[in-house]
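Here's the structure, in structure tokens; my notes come after.
Order of listing sets the numbers, starting from 1, for every ligand and every atom in it. For this chain, numbers begin at 1 and follow the sequence in order.
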Amino acid sequence: MEKLKIAIQKSGRLFDKSIELLKDSGIRLQNGSGKLLSVAEDFPLDILFLRDDDIPEYISDGVADAGIVGENVVIEKGYNLNLMERLGFAKCRLSIAIPKNNDYPGTDFLNGKKIATSYPNILRKYLEDKGISAEVHEISGSVEIAPGIGLADAILDIVSTGSTLVSNGLKEVDVAIYSEAVLVANNNLELRKKILLEKLLFRFRAVQKSRNNKYILLNAPNDRLPDIVKVIPGMKSPTIMPLAENGWSSVHSVLSENQFWDVIDQLKELGAQGILVIPIEKMII
Ligand code: ATP
Ligand code: MG
């Protein structure tokens with residue numbers, strides 16, 4: 001039977017979350033990691049463990065059908081891949097940083113300067129878009145030390161909290177791209193593999209939705225129910241059940257994480273009591 005081949009990072013910042021997403025999607029791996037290839041137990045799927053830099057090329061060549069990798073790497077490598085889904089983890093940005101004591105009047109600062117990066121293609125595109133002429137100096141790692149040792153005047157590097165920049169005496173002055181882990185696929189998958197990938201994507205989405213939503217239960221006086229229902233509309237509409245105590249009901253609904261604290265405050269003001277919030281394991285809409 002036809003199997004789908006998915007490439008994920010062998011070890012590094014994407015590894016744990018990629019495995020967790022597969023696991024939460026009901027996919028168990030037979031022989032663990034540490035190998036080049038692992039077989040899924042309950043889905044026609046093989047997992048290839050690779051360096052993240054190699055994943056786009058392997059997908060483009062058809063060695064893997066799809067993969068989980070940082071969007072930054074996908075853009076840098078430039079292969080024509082199908083971006084199926086943003087996965088909401090490994091969020092970071094590729095930013096220009098300069099020594100913290102330098103003034104930064106704007107992108108013109110970079111004219112004629114030497115900029116170190118592991119992302120030469122993204123940097124060249126950035127400079128072209130801004131109409132800046134600068135020297136691109138490609139290095140494969142520890143980009144953040146380049147200005148300190150006199151190798152470059154500025155860098156383009158991955159930033160998430162910015163603490164690495166600060167500890168190297170640098171300041172972030174502009175963002176070239178934002179990135180997160182993405183599911184990308186080969187553009188020419190045969191139909192059977194396409195169907196399998198859609199099935200996997202359906203599971204990924206159900207997992208992601210459930211992570212972004214909570215199940216909420218609360219008690220409220222009946223006369224407040226119309227207002228409370230407006231605040232927590234739920235997937236279709238909330239469930240309302242009478243309590244044993246006269247004049248009170250229990251309300252059950254689903255609440256998105258982003259609006260969580262706002263809604264809780266409103267519910268309290270509207271007289272809700274005994275509010276319980278429970279994680280959802282899967283959400284199929
Ligand atoms: P490999 O050995 O596979 O080549 P690597 O050292 O190139 O790994 P990692 O440091 O594991 O890569 O980062 C993998 C991806 O995680 C990056 O391409 C980026 O998308 C994301 N990432 C990197 N640094 C951060 C960070 N500080 N915060 C969040 N995400 C990050
Ligand atoms: Mg890498």
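Heavy-atom proximity to Val73, at under 4.0 Å, picks out these atoms of ligand 1: 18 (O). Remark: ligand 1 atoms within the under-4.0 Å shell around heavy atoms of Ile158 are 17 (C), 19 (C), 23 (C), 24 (N), 25 (C). Counting the atoms of ligand 1 from 1 in the order shown, those under 4.0 Å from a heavy atom of Gly70 are 20 (O). Close approach of ligand 1 to Gly12 is summarised as follows: ligand atoms under 4.0 Å from at least one heavy atom of the residue are 11 (O). In the vicinity of Asp53, heavy-atom distances shorter than 4.0 Å reach the ligand 1 atoms 4 (O), 7 (O).
The heavy atom nearest to atom 12 (O) of ligand 1, out of those in Leu14, Asp52, Ile8, is found in Asp52. Of the candidates Ser160, Ser140, Cys92, it is Cys92 that places a heavy atom closest to atom 21 (C) of ligand 1.
The environment of Tyr178 atom OH is sparse: at most 12 non-hydrogen atoms of other residues, nucleotides or ligands sit within 6.0 angstrom. Summarising the local packing, NZ of Lys193 is surrounded by more than 12 heavy atoms from other residues, nucleotides or ligands at distances under 6.0 Å. In Asn246, the CG atom is not crowded: 12 or fewer heavy atoms of neighbouring residues, nucleotides or ligands sit closer than 6.0 Å. Summarising the local packing, NZ of Lys209 is surrounded by 12 or fewer heavy atoms from other residues, nucleotides or ligands at distances under 6.0 Å.
Below 30°, between 30° and 60°, or above 60°: for Tyr215 and His252 the angle between ring planes is above 60°, a perpendicular geometry.
At a heavy-atom cutoff of 4.0 Å, ligand 1 is contacted by both the backbone and the side chain of Arg13.
Among all non-hydrogen protein atoms, the one lying nearest atom 1 (P) of ligand 1 is Arg51 NE, 3.2 Å. If you check which protein heavy atom lies closest to atom 9 (P) of ligand 1, you get Gln9 NE2, 3.8 Å. If you check which protein heavy atom lies closest to atom 18 (O) of ligand 1, you get Asn72 ND2, 3.0 Å. In terms of protein heavy-atom proximity, atom 29 (C) of ligand 1 is nearest to Lys91 O, 3.3 Å.
Side-chain atoms of Gln9 come within 3.5 Å of backbone atoms of Ser11 as a donor-acceptor pair (strictly under, hydrogens ignored). In this structure, Lys230 contributes its side chain and Pro226 its backbone to no donor-acceptor pair below 3.5 Å.
Distance check on atom 6 (O) of ligand 1: every protein heavy atom falls at or beyond the 4.0 Å cut-off.
The atom name of the N/O/S atom in Asp52 closest to the Mg ion (ligand 2) is OD1. If you look at Asp53 and ask which of its N, O or S atoms sits nearest the Mg ion (ligand 2), the answer is OD1.
In the model, Asp174 has a side-chain atom that pairs as donor or acceptor with a side-chain atom of Tyr126 under 3.5 Å.
Distance check, rounded to the nearest 0.5 Å: CD1 of Ile8 to CG of Leu50 gives 9.0 Å. To the nearest 0.5 Å, atoms CZ (Arg28) and CG (Asp42) are separated by 4.5 Å.
Taking any N or O of Glu71, backbone or side chain, none lies under 3.5 Å from an N or O belonging to ligand 1.
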